[in-house]
Amino acid sequence: MVYVTRKLHFCAAHRLHDASLSREENERRFGRCANLHGHNYLLEVTYAGEPDEATGMLVHLSNLKQIIKQRVVDELDHKNLGEDVPVFRDVAPTLEMIAKYAWGRLDGAVPNATLHRIRLHQDHTLWADYYGEAGSGS
Amino acid sequence: MMYLTFNAAFNAVHKLWNPKFDAARNIELFAECANRHGHLYEVEVTVGAEVAGRRPVVMDRAEIHRIIDDVLAPKLEDADMNTAFVQDHFMSTGENIVREIWKLVQPELPGGVALAAVRLVSTPNNSFVYFGDDEALACH
């Protein structure tokens, strides 16, 4: 088993906000993040599997870049997540839920490779890791 | 399980010294680390919880700031690692410090949030990770 990780960046705006809560309660829970603001997100996508015998590759890296770009980055880049991306009208566009969204978009997207981990960095002080419903990363 | 990692950095001083040994033996064991010196220690805390629409975060960001500002910083900022946790005979190695940080953070987490890992980076070349006693979590 070998693991291949591809990184891509995107920039987006969001705010952490629960419409069922008061403004004060939103600010208590989410602090400054309750205001609209933006991040340069760094997305790391890791697939696992056995390399193809003929090519020696698990996945062609430029194909992998295109898959991630089309399925995730193009959907989110330079968007106001809570308004421009339909799925985040009902689900808060937190770092965690964006990571889970990326998992759903990329799981099964690469033939003969298994999606192992989505790591999404909001900045250099905070990141989320998701290994899927069943995964604890072991 | 969704995992969230946050980090913070603290300046602190320490030396490696076992008072049971004489100076010659300490210097033999710990070399230059037997002299008082400092690091900008980076602490990475990984927490885990299930997330879904009604609970879209592993942990509220205000709680993360509370852990950093009210739990970690008072112990670690400008601290002497040899006395910050235990007054006597604390060997302030990365291995021991990372487990003390686990003990500090674990009881402060909100309900339903599991501590998955604590990582301590003492220099760009040296780091230490502790997953508690549950080796099944040793995944990062």
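Residue numbers begin at 1 in each chain, while the letters A, B, ... track the order of the sequences.
Contact tally against chain B (heavy-atom pairs below 4.5 Å) for A/E133, A/H121, A/Q122, A/M97: the top residue is A/M97. Among B/E44, B/H65, B/E63, the residue with the largest count of heavy-atom pairs under 4.5 Å with chain A is B/E44. By number of non-hydrogen pairs under 4.5 angstrom with chain B, the leading residue of A/H124, A/K100, A/R32 is A/K100. Residue with the most contacts toward chain A among B/V58, B/V51, B/D60: B/D60 (heavy-atom pairs, distance under 4.5 Å).
Note on A/F30: it does not cluster hydrophobically with A/Y41, by side-chain heavy-atom contacts below 4.5 Å among ILVMFWY residues. At a threshold of 4.5 Å between side-chain heavy atoms, the hydrophobic network of Ile, Leu, Val, Met, Phe, Trp and Tyr places A/F88 and A/L36 in two separate groups.
No more than 12 heavy-atom neighbours from other residues, nucleotides or ligands sit within 6.0 angstrom of CG on A/N112. Counting non-hydrogen atoms of neighbouring residues, nucleotides and ligands closer than 6.0 angstrom, the CZ atom of B/R25 exceeds 12 such neighbours.
When the salt bridge (Lys or Arg N to Asp or Glu O under 4.0 Å) test is applied to B/K75, no partner is found at least two apart in sequence or on another chain.
Other members of the cluster containing B/M91 are B/L16, B/F21, B/L29, B/F30, with ILVMFWY side chains joined at under 4.5 Å, either directly or via other members.
In terms of modelled atom types and a separation under 3.5 Å, the side chain of A/T94 and the main chain of B/P56 share a donor-acceptor contact.
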Can you check side chain to side chain contact (heavy atoms under 4.5 Å, CB included) on A/L95 and B/M2, steps first, answer last?
-> CA-CA 10 Å; A/L95 185 66; B/M2 178 70 70; over 6 Å; no
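Exactly one residue among A/W127, A/Y130, A/Y131 makes a side-chain contact (heavy atoms from CB on, under 4.5 Å) with B/Y3. That residue is A/Y131.
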